[in-house]
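So the structure is just underneath, and the comments pick up after that.
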Amino acid sequence: MLPLGLISSAGFVHIVLQSCRRRCWPSCRLQCDSRAGSQWARHFQQHGISEPLLSSQYIIAHVLGKKTLNCVERSHLRDSLTDQQRENVWKLCTKRLTRMPLQYVIEEWDFRDLTLKMRPPVFIPRPETEELVILVLEDLQTEWRGRTWPALRCLEVGCGTGAISLSLLHSVPQLKAIALDQSQEAVFLTKENASRLGLQGRLEVHHLDIIKDADLMVRDCSAVDVLVSNPPYLFTEDMESLQEEIVRFEDHSALDGGSDGMRVISQILTLAPKLLTKDGRVYLEVDPRHPALLKHLVEQRKLGLQYLETRYDFTNRPRFCILQRR
């Protein structure tokens, strides 16, 4: 899972462009001129808060019941906030000053075409994971076109907010999914998001640790046609360079993949042949250093998997691995 602190400048541009499409990103001409917005932006900047203007704009827009200030009617942009609105802005901005990520502050964020509830310490999904979902959907439309849709099943390992499973279910009405996470908070949040989106009837959610509960996982979660995961893949040494927002608020177990970032990935590859149907596929988001390691591991251990290909993310880094059961 790629933390926000490691997103490149190109990655940030991608986030902005995607947000323009989904969240009505405010243009410069429509930046909020209210004293509250500008004052909080300056306050954030003085305290070293990243993206100070965007943080204040999102918070004020949220208090006004909108995605962004660009979604507010022009005639209301200069209106004074009510006493209750100012109090709500103060409460949320005070949270942001503690370095709490904006997604946790406003308690929601968009993932593709869904708005998901966010709550610490459950991991916040990143833009790369949206690309992972698109990759799976493209394959479902091509490789699995001849299959009987009601029989198609997907397993997500490390569901967090439920972003991957819920996005796939939303896009493919006939699909059924199983999601699991070692974090009870993540399990609760995935169930909450599924219920809010009306997708709970096609999603099973389990509180399981893929390493400690391997036997239970094989018993309760097989057989599936697709196994998808954005596992913890950071090298432990990279944890030291994370932003303070991440260190203080996000679940470290959703980030730290061990000394080589492969602790959970290796377990997924070991269990995959027992979980997948014939010709079933594995889709993984990984660190750019991992594809070569995965390919070597699969060939060396003869796991019953075939390494199909590596796909690149929007920064042109090798980010996604596709494997298939032999």
Side-chain angles (χ1 to χ4, degrees), residues 1-8 10-11 14 123-139 154-160 163-165 180-182 209-211 214 217 224 226-243 246 250-276 280-326:
M1 294 182 172
L2 184 69
L4 291 176
L6 297 184
I7 292 178
S8 64
H14 176 83
F123 185 81
I124 301 167
R126 271 60 170 182
E128 287 81 0
T129 307
E130 297 191 18
E131 292 188 275
L132 176 63
V133 171
I134 293 172
L135 178 60
V136 175
L137 288 174
E138 289 175 346
D139 272 9
C154 171
L155 169 64
E156 179 186 4
V157 176
C159 57
I164 294 176
S165 290
L180 62 89
D181 204 292
Q182 55 83 30
D209 185 309
I210 188 174
I211 295 176
M217 182 177 167
V224 296
V226 173
L227 193 165
V228 60
S229 182
N230 176 18
Y233 59 66
L234 286 184
F235 290 47
T236 297
E237 64 181 9
D238 293 336
M239 295 290 292
E240 299 176 1
S241 63
L242 297 179
Q243 285 182 330
I246 299 169
E250 295 197 65
D251 185 359
H252 289 196
S253 67
L255 293 158
D256 190 349
S259 60
D260 60 357
M262 290 281 291
R263 188 173 70 93
V264 174
I265 294 173
S266 295
Q267 182 72 344
I268 290 175
L269 298 181
T270 298
L271 296 181
K274 302 176 183 179
L275 294 164
L276 291 170
R281 291 192 172 189
V282 179
Y283 299 85
L284 298 174
E285 179 182 326
V286 299
D287 183 274
R289 293 167 285 184
H290 281 148
L293 292 175
L294 264 71
K295 189 172 183 180
H296 177 72
L297 180 64
V298 168
E299 294 173 351
Q300 181 186 51
R301 294 188 184 179
K302 301 186 183 304
L303 296 174
L305 295 171
Q306 177 185 1
Y307 192 97
L308 295 182
E309 62 177 314
T310 302
R311 294 285 187 92
Y312 291 72
D313 64 19
F314 58 82
T315 64
N316 202 33
R317 297 179 181 179
R319 182 68 65 188
F320 311 107
C321 299
I322 306 175
L323 305 95
Q324 187 171 39
R325 180 184 170 186
R326 291 184 182 275

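As the structure is a prediction and not an experimental result, all values here were calculated from the model.
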(request) Kindly give the heavy-atom pair with the smallest separation between Ile210 and Gln267, and that separation in Å. (result) O-NE2, 3.0 Å
(request) List the steps, then state whether side-chain contact (heavy atoms from CB on, under 4.5 Å) holds for Leu308 with Leu323. (result) CA-CA 5 Å; Leu308 295 182; Leu323 305 95; 5.8 Å; no
(message) Could you tell me if the side chain of Leu294 sits less than 4.5 Å from the side chain of Cys321, heavy atoms only?
(response) yes
(message) How close do Thr236 and Ser259 get, counting heavy atoms only, and between which atoms?
(response) OG1-N, 3.5 Å
(request) Find out whether Ile322 and Tyr283 are in side-chain contact, i.e. whether some heavy atom of one side chain is under 4.5 Å from a heavy atom of the other. (result) yes
(request) Any chance you could measure Gln306, atom CD, to Lys295, atom NZ, to the nearest 0.5 Å? (result) 10.0 Å
(request) Examine the side chains of Gln182 and Ser253 and answer whether a donor and an acceptor come within less than 3.5 Å of each other. (result) yes
(message) Between Glu285 and Tyr233, is there a side-chain donor-acceptor contact under 3.5 Å, judged purely by atom types and distance?
(response) yes
(request) Heavy atoms only: give me the nearest Asp287-Pro291 pair and the separation to one decimal. (result) O-CD, 3.3 Å
(request) For the residue pair Met239 and Leu234, establish whether any side-chain heavy-atom pair is separated by less than 4.5 Å. (result) yes
(message) Taking Ser165's backbone N and O only, do any of them form a donor-acceptor pair with Glu156's side chain (distance below 3.5 Å, no angle check)?
(response) yes
(message) By the definition side chain to side chain contact (heavy atoms under 4.5 Å, CB included), identify the one residue from Asn230, Val136, Leu132 that meets it with Phe320.
(response) Leu132
(request) Would you give the length of the straight line joining atom OG1 of Thr310 to atom CZ of Arg317, rounded to the nearest 0.5 angstrom? (result) 15.5 Å
(request) Could you pull out the closest heavy-atom pair between Val224 and Cys154, with the gap in Å? (result) CG1-C, 4.3 Å
(request) Report the residue from Ile211, Val157, Asp209 that forms a side chain to side chain contact (heavy atoms under 4.5 Å, CB included) with Met217. (result) Val157
(request) Identify the heavy atoms of Leu276 and Leu305 that sit nearest to each other, and give their distance. (result) CD1-CD2, 4.3 Å
(message) Rounded to the nearest 0.5 Å, what separates atom CD in Glu130 from atom CZ in Phe314?
(response) 9.0 Å
(request) Examine His290 together with Phe235 and report whether their ring centres are nearer than 6.0 Å. (result) yes
(request) Give the minimum heavy-atom separation between Gly160 and Asp181, together with the two atoms involved. (result) N-OD2, 3.0 Å
(message) Does Leu284 form a side-chain contact (heavy atoms from CB on, under 4.5 Å) with Ile268? I'd like the steps, not just the answer.
(response) CA-CA 9 Å; Leu284 298 174; Ile268 290 175; 4.1 Å; yes
(request) State, yes or no, whether a side-chain contact exists between Ile164 and Cys159 at a heavy-atom distance under 4.5 Å. (result) no
(message) Nearest 0.5 Å, please: how far is CZ in Arg263 from CG in Asp256?
(response) 7.5 Å
(request) Report yes if some heavy atom in the side chain of Arg325 is under 4.5 Å from a heavy atom in the side chain of Val282; otherwise report no. (result) no
(message) Within the structure provided, determine whether Val286 and Ile265 are in side-chain contact (heavy-atom separation under 4.5 Å).
(response) yes
(request) Under the side-chain contact (heavy atoms from CB on, under 4.5 Å) rule, what do Arg289 and Met262 come out as? Steps first, then yes or no, please. (result) CA-CA 10 Å; Arg289 293 167 285 184; Met262 290 281 291; over 6 Å; no
(request) Look up atom CG in Leu135 and atom CZ in Arg319, then write down how far apart they are to the nearest 0.5 Å. (result) 13.5 Å
(message) Between Tyr312 and Thr315, do the side chains contain a donor N or O and an acceptor N or O under 3.5 Å apart?
(response) no
(request) Look at Asp313 together with Arg126 and state whether they make a salt bridge at an N to O cut-off of under 4.0 Å. (result) no
